[in-house]
**Student:** 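Below you'll find the structure I mean.
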Number of protein chains: 2
Amino acid sequence: MIATTPPPAREGSFKARMHQQREEALVHAASRLLGEKGFDAMTVDDVAYAVGIAKASLYKHFPGKDELCAAAMAHIARRMDAFVRSLDDGRPAIERLWALVRRSLELQLDDAMPLLPSRNSSLREPLAACEDYQSALAAVNQRVLGWIAEAQASGHLAAGWPAEVVLCAIHARSADPMLELLQSTGRYAREEIVERVLVTCFDGLKAR
Amino acid sequence: MIATTPPPAREGSFKARMHQQREEALVHAASRLLGEKGFDAMTVDDVAYAVGIAKASLYKHFPGKDELCAAAMAHIARRMDAFVRSLDDGRPAIERLWALVRRSLELQLDDAMPLLPSRNSSLREPLAACEDYQSALAAVNQRVLGWIAEAQASGHLAAGWPAEVVLCAIHARSADPMLELLQSTGRYAREEIVERVLVTCFDGLKAR
DNA sequence: GTCTATACAGAGATAGAC
DNA sequence: GTCTATCTCTGTATAGAC
């Protein structure tokens, strides 16, 4: 709830539920558009139009574009955190890591916004200030770092590498340009692309 | 020479040399700023200021921002083509590929614009129309595809993969988010980052 | 809280003097 | 060809009626 100042209406009342629903719709639309067009190209009008309200109404929910997009990114981070938790059943850590990367790749093929903003995105500053986003991201990282240590201990991942480096490699896959390049050839099906990139990530290009 | 209409002045004359020099300075500044800020965030004023001329003067050289940036990208592509040719001495193909990727990674650490624009960059359309860029890119690709076939034949790269897929994997390294992620930890030196990413690319994360 | 209408700012592009 | 000054368009944000 990054709502502005107004009287928030009784918990669970009709108006409050409508309010919250609209806010969720805004966040959802924003996260989709962020993935499709990027922060700079996406306009506040786009988001308002997608939800079917006027731009001025959007500003009753969020103080500005930055905060709207930060909320959208926090939503994305929470979803990823939930997914990562859902993977934490009994299976071997290396399998969880594959599943995580596969998910990231599939999201990317669906034009979803990646968990991390790109290097010179204007999103970085507002994101640094968004605690919701930061805490969800930290939760994901902590859990995945645990998996990496496990996978190294059980001999499935290169031992001796700092777990942090492996984490970076895995996160980077969620914005790997290789997907787009393969897609633009028009010669590969969706799943084929995902598998190629997965294998490239974990096995490398080298012959063995 | 994407210059506009004016009398182009005698070949090699003082004015013509100044003109060309300024144009090169513009292209150079544009390519640097493209890498640092990206197409959307970079303004024509930035480029003009970097070169020390007024914005209106820039428009005597290039009809618009799109064409200026396309020329900058063509410059980048030609430089990469020259580099790739320079690698074509006697050494094994796999070494040439490593050297190519290493160079791409170093350029990225220097905030240079990558050879390929990112997925949803507004640069893509003007680039598709720029023949200089397209032909230089094609030259690079043709040569590197040859190296890949060689490296596969000599057992250094995974055989059975379409060379095109390997090419995508290699190109993708020039905009790999892993570099930025490693850099942002502050815990790794420049060369260490390059080596980590190189090894991740060719050897993968798997234990062996 | 939602709307229409509008203010304001930034950036691409142009006019016209020199 | 270079400059200063200006135009125009787009996009963020607000005002004010309902």
Side-chain angles (χ1 to χ4, degrees), chain A residues 1-10 13-26 29-30 33-34 36-72 122-123 125-126, chain B residues 1-10 13-27 29-30 33-34 36-72 121-123 125-126:
Chain A
M1 285 276 277
I2 309 203
T4 37
T5 35
R10 229 174 44 263
S13 77
F14 179 73
K15 283 185 78 170
R17 282 221 308 281
M18 287 306 294
H19 182 88
Q20 192 187 345
Q21 244 181 22
R22 217 177 294 264
E23 210 159 283
E24 281 169 16
L26 284 168
L33 287 165
L34 272 179
E36 281 174 20
K37 328 217 309 185
F39 179 77
D40 290 320
M42 181 197 89
T43 74
V44 176
D45 267 314
D46 288 337
V47 180
Y49 178 84
V51 173
I53 65 174
K55 174 166 55 176
S57 306
L58 184 152
Y59 279 92
K60 298 289 180 181
H61 291 271
F62 299 92
K65 184 184 181 182
D66 283 1
E67 290 78 9
L68 167 63
C69 291
S122 321
L123 250 184
E125 286 191 25
Chain B
M1 285 276 278
I2 309 204
T4 38
T5 34
R10 231 174 42 264
S13 77
F14 180 73
K15 283 185 79 171
R17 282 219 310 279
M18 287 306 295
H19 182 88
Q20 191 186 345
Q21 242 180 25
R22 217 178 293 265
E23 210 160 281
E24 279 169 16
L26 284 168
V27 161
L33 288 165
L34 273 178
E36 279 173 21
K37 329 216 314 183
F39 179 78
D40 289 320
M42 179 198 91
T43 74
V44 175
D45 268 314
D46 289 336
V47 181
Y49 178 83
V51 173
I53 66 174
K55 174 165 57 174
S57 305
L58 184 152
Y59 279 92
K60 299 289 181 182
H61 291 272
F62 298 93
K65 183 183 181 183
D66 283 2
E67 291 77 8
L68 167 62
C69 292
S121 167
S122 321
L123 251 184
E125 287 191 24

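In this text the structure is predicted, and so the values were computed from the model without any measurement. The basis for the numbers below is simple: all heavy atoms, side chains too, and nothing from hydrogens, waters or symmetry mates. In what follows, chains carry the letters A, B, and so on, assigned in the order in which the sequence lines appear, proteins first and then strands, with residues in each chain numbered from 1.
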**Student:** Applying side chain to side chain donor-acceptor pair (under 3.5 Å), can you list everything that pairs with A/E36, at least two apart in sequence or on another chain?
**Tutor:**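 Checked A/E36 against side chain to side chain donor-acceptor pair (under 3.5 Å); matches are A/R32.
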**Student:** Heavy atoms from C-beta onward define the side chain here; which of C/dG1, C/dG12, D/dT12 lies closest to that of B/V44?
**Tutor:** C/dG12
**Student:** Nearest to the side chain of A/H61, which nucleotide is it out of C/dG12, C/dT2, D/dT12?
**Tutor:**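 Looking only at heavy atoms from C-beta outward on A/H61, the closest nucleotide is C/dT2.
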**Student:** Rounded to whole angstrom units, what separation is found between the CG atom of B/L68 and the P atom of C/dG12?
**Tutor:**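 Atom CG in B/L68 sits about 10 Å away from atom P in C/dG12.
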**Student:** For A/D45 and D/dA13, what is the distance between atoms CG and P respectively, to the nearest whole Å?
**Tutor:** 12 Å
**Student:** How would you list, by chain and number, every residue that makes a side chain to side chain donor-acceptor pair (under 3.5 Å) with B/S122, sequence neighbours excluded?
**Tutor:**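 With sequence neighbours excluded, B/S122 shows a side chain to side chain donor-acceptor pair (under 3.5 Å) to B/D40, given in chain and number order.
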**Student:** For B/L33 and C/dG12, give me the distance from atom CG to atom P, rounded to whole Å.
**Tutor:**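 Between P of C/dG12 and CG of B/L33: 12 Å.
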**Student:** Measure CG/B/D66 against C1'/C/dA11 and give the value in whole Å, please.
**Tutor:** 13 Å
**Student:** Could you list the protein-to-nucleotides 3-6 of chain D atom pairs, N/O on both sides, closer than 3.5 Å?
**Tutor:**
unit_1, atom_1, unit_2, atom_2, d
D/dC3, OP2, B/A54, N, 2.5
D/dC3, OP2, B/S57, OG, 2.6

**Student:** Atom CZ of A/F62 and atom C1' of C/dG1: how far apart are they, to the nearest Å?
**Tutor:**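 Taking CZ of A/F62 and C1' of C/dG1, I get 14 Å after rounding.
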**Student:** Rounded to whole Å, please give me the gap between CG in A/L58 and P in C/dT4.
**Tutor:**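 After rounding, the reported distance stands at 15 Å.
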**Student:** What's the spacing between A/L58 CG and A/E23 CD if we round to 0.5 Å?
**Tutor:**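 It is 9.5 Å, given to the nearest 0.5 Å.
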**Student:** Can you tell which of C/dG12, C/dT2, D/dT14 lies closest to the side chain of A/R22?
**Tutor:** C/dT2
**Student:** Using a 4.0 Å heavy-atom cut-off, does A/M42 contact any base of the nucleic acid, only the sugar-phosphate backbone, or nothing at all?
**Tutor:**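 Sugar-phosphate contact only.
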**Student:** Can a side chain N or O of A/K15 be found less than 4.0 Å away from OP1 or OP2 on C/dG1?
**Tutor:** yes
**Student:** Quick one, B/C69 and B/M42 - any side-chain contact, counting heavy atoms below 4.5 Å?
**Tutor:**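 Yes, at least one pair of side-chain atoms sits under 4.5 Å.
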**Student:** Rounded to the nearest angstrom, tell me the gap between atom OH in A/Y59 and atom C1' in C/dT6.
**Tutor:** 14 Å
**Student:** May I have the distance from B/D40 (atom CG) to C/dG10 (atom P), rounded to whole angstrom?
**Tutor:** 17 Å
**Student:** Can you measure from CG (B/D66) to CD (B/E125) and round to the nearest 0.5 angstrom?
**Tutor:**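 So the CG of B/D66 and the CD of B/E125 are separated by 8.5 Å.
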**Student:** Side chain to side chain donor-acceptor pair (under 3.5 Å) with B/E24: which residues, sequence neighbours excluded?
**Tutor:**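 With neighbours one apart ignored, the set is B/Q20.
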**Student:** The criterion is salt bridge (charged side-chain N to carboxylate O under 4.0 Å, His left out); which residues satisfy it with A/D46, sequence neighbours excluded?
**Tutor:** A/K37
